[in-house]
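Remarks on the structure that follows.
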Amino acid sequence: MNLILFGPPAAGKGTQAKRLVDGRGMVQLSTGDMLRAAIASKSELGLKVEGIMQRGELVSDDIVIALIEERLPEAEAAGGAIFDGFPRTLAQAEALDRMLAGRGAKIDIVVRLKVDDAALMERIAGRFAESGRPDDNPESFKVRLAAYNDQTAPLLPYYQSKLVEVDGMGTIEEVASAIDKALDAARG
C-alpha cells in the first residue's frame, strides 16, 4: 500500500509516519529527513539545499523527485511507502504517478491532516525552542506555511478520489486511530 500523508509543516506527518513504520512495516519516504541528511553530509547538494531551506523556500522538483526515486525499491520490498512531505506540487504529483505506474504501483490513499494555522505556529515555536532545527525558525516557518498554502493545498482536487481527511488537532493517539481506520478501509 502506498500512502501520502498530506498536511502543512508541523501537522504531525512525521510522528504518524514513524508510528506506521513501526506498526505496519511500511517505509517512510520523508523528503524533509532526506534533505536534512543531505545538509548534514555537507555535500555540494547539501549546502545548496541548506540555503534554500533556511530561507523557507521549497527545494526544486528535480532534486526532490530524484531523492524519492532512489528510495522506491526499498519501499517496494517492504510492501509500501508512506510519502511524507511529497508531493508538494502538481508537477511532483504527476511525476510520482508516472514513477509508480512504471513500477506497476499507484497511490492507494491520501490522508490529509487538517490543522489550524495558529496552532501550527505555537507548535513550531515550541519545537524550535526544543530542537533548534533551522527550518523550524518561526520566521522561516511562516514562509514555509505560506508556500504550502499557495503551492501544495491545490493538490486536494488532484487527489479527491483517494482523499481521507483526519482531524490533526487531536492527541497523537486520536489521530493515529483515525489514520488506522482510513488505511484499513482502503485495504478493503
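Remember, it's a predicted structure, so these values are computed and weren't measured experimentally. All heavy atoms count here, side chains included; hydrogens, waters and symmetry mates do not.
Ser140 places a side-chain N or O within donor-acceptor distance of the main-chain N or O of Gln54, the cut-off being under 3.5 Å. In this structure, Lys13 contributes its side chain and Pro8 its backbone to a donor-acceptor pair below 3.5 Å. Using a distance-only test at 3.5 Å, with no hydrogens or angles considered, a donor-acceptor pair links the side chain of Gln92 to the main chain of Arg88. Here the side chain of Ser177 pairs no donor or acceptor atom with the backbone of Glu173 at under 3.5 angstrom. Between the side chain of Arg55 and the backbone N or O of Gly51 there is at least one donor-acceptor pair closer than 3.5 Å. Side chain of Asn2 to main chain of Lys106: a donor-acceptor pair is present (N/O by atom type, distance under 3.5 Å, no hydrogens or angles). A side-chain donor-acceptor contact under 3.5 Å links Arg123 to the backbone of Ala11. A donor-acceptor pair is defined here as one N or O able to donate and one able to accept, closer than 3.5 Å; no such pair exists between the side chain of Glu74 and the backbone of Arg71.
By the 4.5 Å heavy-atom criterion applied to side chains, Leu45 and Ile39 are not counted as neighbours. Phe83 is not listed as a side-chain neighbour of Leu5, based on a closest heavy-atom distance of 4.5 Å or more. Contact check for Lys162 versus Asp108: no side-chain heavy atoms found under the 4.5 Å cut-off. The shortest side-chain heavy-atom distance between Val59 and Thr31 does not fall under the 4.5 Å cut-off. Contact check for Thr89 versus Asp61: side-chain heavy atoms found under the 4.5 Å cut-off. No side-chain heavy atom of Lys114 sits under 4.5 Å from any side-chain heavy atom of Val166. Arg112 has its side chain out of reach of Val164: every pair of non-hydrogen atoms, C-beta onward, lies at least 4.5 Å apart. The closest side-chain heavy-atom distance from Asp167 to Val115 is not below 4.5 Å.
Leu67 and Met53 fall within a single hydrophobic cluster, where Ile, Leu, Val, Met, Phe, Trp and Tyr are joined by side-chain heavy atoms under 4.5 Å apart, directly or via other members. A single hydrophobic cluster is seen to contain both Ile63 and Leu29, as judged by linkage of ILVMFWY side chains at heavy-atom distances under 4.5 Å, directly or through other members. Hydrophobic clustering (side-chain heavy atoms under 4.5 Å, transitive across Ile, Leu, Val, Met, Phe, Trp, Tyr) keeps Val143 apart from Leu145. Both Met99 and Ile107 belong to a common hydrophobic cluster when Ile, Leu, Val, Met, Phe, Trp and Tyr are linked at side-chain heavy-atom distances under 4.5 angstrom. In the hydrophobic clustering of this structure, Tyr148 groups with Phe86; members are Ile, Leu, Val, Met, Phe, Trp, Tyr whose side-chain heavy atoms approach within less than 4.5 Å, directly or through other members.
Shown here for Ile179 and Leu113, the closest heavy-atom pair between the two residues is CD1-CD2, 4.0 Å. Across every non-hydrogen atom of Met26 and Ala81, the tightest pair is CE-O, 3.7 Å. Pro157 approaches Pro154 most closely through the heavy-atom pair CD-O, 2.9 Å. For the pair Ser43 and Ala38, the tightest heavy-atom approach, listed with the atom from each and the gap, is OG-O, 3.8 Å. The two atoms that bring Asp84 and Ala17 nearest to each other are OD2-CB, 4.3 Å, heavy atoms only.
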Carefully, step by step, assess Arg24 and Asp184 under the rule salt bridge (Lys or Arg N to Asp or Glu O under 4.0 Å).
CA-CA 11 Å; Arg24 295 185 181 238; Asp184 292 342; 3.0 Å; yes

Test log, rule side chain to side chain contact (heavy atoms under 4.5 Å, CB included), inputs Phe141 and Leu120:
CA-CA 9 Å; Phe141 181 77; Leu120 286 179; 4.0 Å; yes

Go through the steps for Lys18 and Asp33 under the test salt bridge (Lys or Arg N to Asp or Glu O under 4.0 Å), then give the verdict.
CA-CA 12 Å; Lys18 284 176 182 35; Asp33 289 349; 3.7 Å; yes

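Side-chain N/O atoms of Asp97 and Tyr158 include a donor and acceptor closer than 3.5 Å.
The local environment of NZ in Lys48 is sparse, with at most 12 non-hydrogen atoms from other residues, nucleotides or ligands closer than 6.0 Å. Other residues, nucleotides and ligands place no more than 12 heavy atoms under 6.0 Å from the CD1 atom of Ile172. Enclosure of atom CD in Glu70 is not indicated, since only 12 or fewer non-hydrogen atoms of other residues, nucleotides or ligands lie within 6.0 angstrom.
A salt bridge links Arg19 with Asp180: the distance from a Lys NZ or Arg NE/NH1/NH2 to an Asp or Glu carboxylate oxygen falls below 4.0 Å. A salt bridge is absent between Arg127 and Glu130: the closest approach of a Lys/Arg side-chain nitrogen to an acidic carboxylate oxygen does not fall below 4.0 angstrom.
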